[in-house]
Amino acid sequence: MYTLQLYDTLSRKEQPLLPSDGKSIRMYTCGPTVYDFAHIGNFRTYLFEDLLRRTLELFGSSVCQVLNLTDVDDKTIRGALQRGVPLEVYTTEYKKAFFDDLRTLRIEQAEYYPEATAYIADMIEMVRLLIEKRHAYVHSDGSVYFSLKTAIEYGKLSHLDLETLKSGASGRISGDEYEKEGVGDFVLWKAYEPGRDGPVYWESPWGKGRPGWHLECSVMAKKLLGDTIDLHAGGVDLIFPHHENEIAQSEGCTEKPFSLHWAHAEHLLVDHKKMSKSLGNFYTLRDLLSKQYPPSAIRYFLLSTHYRTQLNFTFQGLDAAWTSVKRIRDVAARLPHESSQQQPPTPFGTAIAEFHSLFCAALARDLNISEALCALFEGIRLINHHLDSGMVSSAEQLFAAYFIQTADRILDVIRPDEEAIPEEVAALLQERLAARKNKEWARSDGLRAKIKTLGYCVEDTPEGQKVTKGVPCQEAK
Ligand code: AMP
Ligand code: ZN
């Protein structure tokens, strides 16, 4: 059996990742702010977390993962106000889009997808505790700040020299933004401003307001996974200040270590600059699907470079990824669907067993996907060669299938891609979702019928509307 050795940002060493409670690895992964469609840079990070999760599962661990949704912040509020709709209506559209994209990219489901707005009472409670423990103070405008000088270990994750921030030497600078005790002090509870926030606020002991972004993650991690978690992950841009601030809040509140390990994925770049909304150099998944790139090629492209290496996005890279996916599919098509772990006592059996071990051992070394893929493709070459010879026993075929299927438990590219849903159908589904929310059943049925005339069938499942192409479906609601 293998144990994953993962590079830990905190200790700057590879460390074995094991469940500290002896049961499951409790991991918290920072999710999207649902004010727009996520871009494929964001999905590089979620795919790194998918690789991590699948590797742990392949090695026999059970995982309990939280991926949060930030559904209240400046950007979501601004978007809702500009569109003239309630915050919830605005964010629901992007939440749904996010889940659709996760499914399209075959990112395994997390155990929990908490939404920040569902945990406001717990957030108020953590702020109250931090004030009580003198880690936080109330500002004259009703905001609450974390006092950095009380966080003795602040900076331990980012390894930055933060002495000036901690000392608060340049604090009490006049003006709104810096009327705090230390310039690095960060907001836990943001006081309400009618012009900025419109109808979005919650009552608290400090007046109307809303939680700060860093606080959300500390609270949801504690609530769903406990005081000390095994792993916290995200993109490298989150190390400072987001994760550093999470540590300060959580450890200030519980006086226990917040997370035993930290893992961070490097960025996806475009022309050697970080892909980001603010630079405008981004592609959403939808952009690439509309250019007819199969989701499996996008998945493979984003997965196949080591997570701690920057990856430059190019269309040639996507084409190369598609070629690799087809090679894996081709060999799978030459092998039986069934498989067997029984190693045949032949040179071919021994060679495949070695490739299998190399594949797993590479993943165990800090998710070294490049070496794992080398082992896979060398194995594929050998299998093809052996199949061409026509001298393959059925035991050998079953064992080769086991090797390829093991690799695909990680890669998940052999299943055929689903066709992208045409925009017209997607718009009707969106309309039907709204109709059902308003309990307009007749309208919902009418929309289902219209969708059917376009060759798609909709079914209502506990996870929402499920749409399938060309399959006869029940007419029931
Ligand atoms: P955000 O919605 O900006 O908070 O980002 C959500 C997740 O995507 C975080 O874990 C970020 O670190 C990550 N992320 C943002 N931009 C990129 C990028 N260009 N490449 C990889 N990950 C990214
Ligand atoms: Zn977070």
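Counting begins at 1 with the first residue of the sequence. This is a predicted model, so every value here is computed, not measured. Start at 1 and go down the list; that is how both ligands and their atoms are numbered.
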Visitor: Mind checking whether Tyr28 and Tyr112 have ring centres under 6.0 Å apart?
Guide: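 Ring centres of Tyr112 and Tyr28 not closer than 6.0 Å.
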
Visitor: Decide whether a cation-pi geometry holds between Arg308 and Tyr7; the criteria are a distance under 6.0 Å from NZ or CZ to the six-membered ring centre and an angle within 45° of the ring axis.
Guide: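 Yes, Arg308 lies over the aromatic ring of Tyr7.
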
Visitor: Please say which of His159, His264, His243 ends up in a side-chain hydrogen bond (donor to acceptor under 3.5 Å, both in side chains) with Thr9.
Guide: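 Passing option: His264.
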
Visitor: Are Phe258 and His232 near enough that their ring centres are under 6.0 Å apart?
Guide: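 That pair passes the under 6.0 Å test.
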
Visitor: Of all the atoms in ligand 1, which lie at a distance below 4.0 Å from a heavy atom belonging to Met275?
Guide: 16 (N), 18 (C), 19 (N)

Visitor: Which atoms from ligand 1 have a heavy atom of Thr33 less than 4.0 Å away?
Guide: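 Answer for ligand 1: 2 (O).
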
Visitor: Within the structure, does Asn42 bring an N/O atom to less than 3.5 angstrom of an N/O atom in ligand 1?
Guide: yes

Visitor: For ligand 1, is there an N or O atom under 3.5 Å from any N or O atom of Val236?
Guide: no

Visitor: Considering only the protein, which heavy-atom contact is closest to atom 16 (N) of ligand 1, and what is its distance?
Guide: Lys274 CE, 3.4 Å

Visitor: With a 3.5 Å cut-off and no angle check, do the side chains of Thr76 and Asp73 form a donor-acceptor pair?
Guide: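 Judged by distance alone, the side chains do pair up.
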
Visitor: Can you confirm whether the side chains of Ser158 and Glu244 place a donor and an acceptor under 3.5 Å from each other?
Guide: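 The answer is yes; a qualifying pair exists.
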
Visitor: So is there a nitrogen or oxygen of Ser276 less than 3.5 Å from a nitrogen or oxygen in ligand 1?
Guide: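 For ligand 1, there is no N or O atom that lies under 3.5 Å from one belonging to Ser276.
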
Visitor: What is the nearest protein non-hydrogen atom to atom 13 (C) of ligand 1, stated with its residue, atom name and distance?
Guide: Thr45 OG1, 3.6 Å

Visitor: Against the six-membered ring of Tyr145, is Lys190 placed for a cation-pi contact (under 6.0 Å from the centre, within 45° of the normal)?
Guide: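 No, Lys190 does not lie over the aromatic ring of Tyr145.
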
Visitor: Between Tyr35 and Tyr90, is the ring centre distance below 6.0 Å?
Guide: no

Visitor: Quick one: does Tyr46 get within less than 4.0 Å of ligand 1, heavy atoms only?
Guide: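 Within the 4.0 Å threshold, so yes.
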
Visitor: Could you list the atoms of ligand 1 found under 4.0 angstrom from a heavy atom of Asp237?
Guide: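 Matching atoms, with element in brackets: 11 (C), 12 (O).
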
Visitor: Report the C-alpha separation of Arg210 and Asp197 in whole Å, then their side-chain angles, then the decisive distance to 0.1 Å, and conclude whether the salt bridge (Lys or Arg N to Asp or Glu O under 4.0 Å) test is met.
Guide: CA-CA 10 Å; Arg210 63 184 152 94; Asp197 301 335; 3.2 Å; yes

Visitor: With atoms numbered from 1 as shown, which atoms in ligand 1 lie under 4.0 angstrom from a non-hydrogen atom of Gly41?
Guide: 17 (C), 18 (C), 19 (N), 20 (N), 21 (C), 22 (N), 23 (C)

Visitor: Which of the atoms in ligand 1, numbered in the order shown and given with their element, are less than 4.0 Å from a heavy-atom of Gly235?
Guide: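 Close to Gly235: 10 (O), 12 (O).
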
Visitor: Applying a 4.0 Å heavy-atom criterion (strictly less than), which segment of His39 is in contact with ligand 1: side chain, backbone, both, or neither?
Guide: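 Looking at His39 and ligand 1, just side chain atoms fall under 4.0 Å.
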
Visitor: Taking only Lys NZ, Arg NE, NH1 and NH2, and the carboxylate oxygens of Asp or Glu, determine whether Glu115 and Lys95 approach each other closer than 4.0 Å.
Guide: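 Result for this pair is yes, salt bridge flagged.
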
Visitor: When you check the side-chain N and O atoms of Ser20 and Arg26, is any donor under 3.5 Å from an acceptor?
Guide: yes

Visitor: Centroid-to-centroid, Phe301 to Phe313, below 6.0 Å?
Guide: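 Between Phe301 and Phe313, the centre distance is under 6.0 Å.
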
Visitor: For a distance under 2.8 Å, give residue and atom name for each protein N, O or S atom next to the Zn ion (ligand 2).
Guide: Cys30 SG, Cys217 SG, His242 NE2

